[in-house]
Amino acid sequence: MMESKVSEGGLNVTLTIRLLMHGKEVGSIIGKKGETVKKMREESGARINISEGNCPERIVTITGPTDAIFKAFAMIAYKFEEDIINSMSNSTATSKPPVTLRLVVPASQCGSLIGKGGSKIKEIRESTGAQVQVAGDMLPNSTERAVTISGTPDAIIQCVKQICVVMLEVQSVTMGSPPKGATIPYRPKPASTPVIFAGGQVRADPLAASTANLSLLLQHQPLPAYTIQGQYAIPHPDQLTKLHQLAMQQTPFTPLGQTTPAFPGLDASPPASTHELTIPNDLIGCIIGRQGTKINEIRQMSGAQIKIANATEGSSERQITITGTPANISLAQYLINARLTSEVTGMGAL
């Protein structure tokens, strides 16, 4: 059993697992007047939080010691199975569909979950009987991927145990090493959002959160352009979130597909300013990413316009021009710096 292995290894530590659910599933978990979720909290001993907002999707966060998390998962899986059985009594379907849960996992941990050549995920599938799939693309405005698990409640519980073991192993390996850069968690967007960039919160990896450079960020002064010496200080999650929200509110550029301001007065945004920085040629690739994926993520997150000059002959550096409000610029610089730091410290892709 995985359970004994987890506690014997001294790994019975506090862990956070996040689930992505549709509104209907959330309703089932909350229950009438919140009774179901209250019972789940009391019986499992895990903290269960449900994200706010009238979004079609919600994030359910389960935090606690591993055994409490497994109990909470068991209760959720059995509740979903009960819902399936109830819905079948009104239909003509004869075969019972499996229970399906979607976990939200930082992309940096997905490699360990898949294993070399898919070996780990194959082992989890075979030993638990559950289907496990890791999404190829990151969730919008984030550096997280959806991991879909389906099967019987028992298979799902065994599968979650194995995934927890992998995540704990990843954490214990990275505990002593430099930060992997920021994890930008997925936040579902409201159904009728007037502004395209309404979602997306930026948060530093909790293991690496440091409170340096906060005053700098909050005064919206552009950050030092390029720091390799020493670790780049990663701002505290809440401050980054504030900065991101500010950057989104003040974006001077009209979001895609929007010709007029969604609300009167929105066009009274602070004037755009421009900031330039130079990056060594050999590091520009980690900022641009494959087919421009990384630079596009940074543009979307920060709300800034970012132009990268073409390489000039005889120069070992490239010019980057960032245009936007001071908040946009600060956030764009922070994200560029996070990419550079992860590259320079050898921590690989975010």
Side-chain angles (χ1 to χ4, degrees), residues 1-22 25 29 40 44 46 59-85 88 93-139 143-175 180 183 186 348-349:
M1 279 287 282
M2 298 306 295
E3 223 162 3
S4 55
K5 190 169 158 190
V6 172
S7 28
E8 274 167 29
L11 284 177
N12 202 6
V13 295
T14 299
L15 193 61
T16 296
I17 303 276
R18 294 163 70 237
L19 286 166
L20 190 52
M21 289 189 192
H22 294 301
E25 295 170 319
I29 294 300
M40 283 181 179
S44 69
I59 298 277
V60 177
T61 307
I62 304 173
T63 305
T66 43
D67 51 357
I69 284 182
F70 301 153
K71 278 183 201 152
F73 260 93
M75 294 176 83
I76 290 172
Y78 283 115
K79 179 73 181 89
F80 282 177
E81 189 181 49
E82 195 186 300
D83 295 345
I84 290 169
I85 292 166
M88 281 181 69
T94 48
S95 62
K96 190 170 72 167
V99 173
T100 300
L101 295 179
R102 287 181 297 162
L103 308 187
V104 182
V105 178
S108 56
Q109 295 188 353
C110 288
S112 309
L113 191 56
I114 294 166
K116 254 197 195 113
S119 57
K120 188 71 197 171
I121 202 162
K122 185 169 179 257
E123 180 195 312
I124 294 175
R125 282 183 190 131
E126 287 172 0
S127 64
T128 63
Q131 277 301 313
V132 191
Q133 279 171 324
V134 178
D137 294 327
M138 292 195 204
L139 289 158
T143 55
E144 297 196 296
R145 295 181 196 273
V147 176
T148 306
I149 310 173
S150 56
T152 64
D154 291 339
I156 284 177
I157 297 156
Q158 290 306 319
C159 185
V160 168
K161 285 182 183 179
Q162 297 213 22
I163 290 173
C164 285
V165 171
V166 172
M167 288 168 97
L168 287 166
E169 280 166 1
V170 172
Q171 278 183 15
S172 59
V173 169
T174 54
M175 275 289 189
K180 257 197 173 151
T183 285
Y186 174 59

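As a basis for the values below, the full set of heavy atoms in this structure was taken, side chains included, without hydrogen atoms, waters or symmetry mates.
Closest heavy-atom contact between A155 and A130: O-CB, 3.9 Å. Between T143 and M138 the shortest heavy-atom distance is CA-SD, 3.3 Å. When all heavy atoms of S150 and T100 are compared, the closest pair comes out as CB-OG1, 3.3 Å. Considering every non-hydrogen atom in both I149 and C159, the closest pair reads CG2-SG, 3.7 Å. Taking each heavy atom of S112 and K120 in turn, the nearest pair found is O-CG, 3.6 Å. Scanning both residues, S119 and G115, for their nearest heavy atoms gives OG-C, 3.8 Å.
No side-chain heavy atom of V165 sits under 4.5 Å from any side-chain heavy atom of K161. Here the side chains of M40 and K71 are not in contact, with every heavy-atom distance at 4.5 Å or above. Annotation: side chain of D154 is not in contact with side chain of T128 (no heavy-atom distance under 4.5 Å). Using a 4.5 Å cut-off on side-chain heavy atoms (C-beta onward), V132 and T148 make no contact. M88 places a side-chain heavy atom less than 4.5 Å from the side chain of P97.
Rounding to the nearest 0.5 Å gives a distance of 9.5 Å between CE of M21 and CZ of R102. Separation of atoms CG (L101) and CZ (F73) is listed at 6.0 Å; rounding is to 0.5 Å. Taking CD of E81 as the start and CD1 of I156 as the end, the distance is 9.0 Å to the nearest 0.5 Å. To the nearest 0.5 angstrom, E25 atom CD is 8.5 Å from L20 atom CG. I163 CD1 to I17 CD1: the interatomic distance, rounded to the nearest 0.5 Å, is 7.5 Å. Between S44 atom OG and I69 atom CD1 the span is 9.5 Å, to the nearest 0.5 Å.
In this structure, R145 contributes its side chain and G136 its backbone to a donor-acceptor pair below 3.5 Å.
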Stepwise side chain to side chain contact (heavy atoms under 4.5 Å, CB included) check, K96 with I84: CA-CA 8 Å; K96 190 170 72 167; I84 290 169; 3.9 Å; yes

List the steps and the verdict of side chain to side chain contact (heavy atoms under 4.5 Å, CB included) for V105 and E144. CA-CA 5 Å; V105 178; E144 297 196 296; over 6 Å; no

Full working for side chain to side chain contact (heavy atoms under 4.5 Å, CB included) between R125 and I121: CA-CA 6 Å; R125 282 183 190 131; I121 202 162; 3.9 Å; yes

What's the verdict on side-chain hydrogen bond (donor to acceptor under 3.5 Å, both in side chains) for Y78 and D83, showing C-alpha distance, side-chain angles and the deciding distance? CA-CA 9 Å; Y78 283 115; D83 295 345; over 6 Å; no

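Each of L103, V60, I62, V104 was evaluated against R18; a single residue qualifies, V104, per the side chain to side chain contact (heavy atoms under 4.5 Å, CB included) test.
In summary, the side chains of S127 and Q158 do not present any donor paired with an acceptor at a separation below 3.5 Å, with no hydrogens or angles considered.
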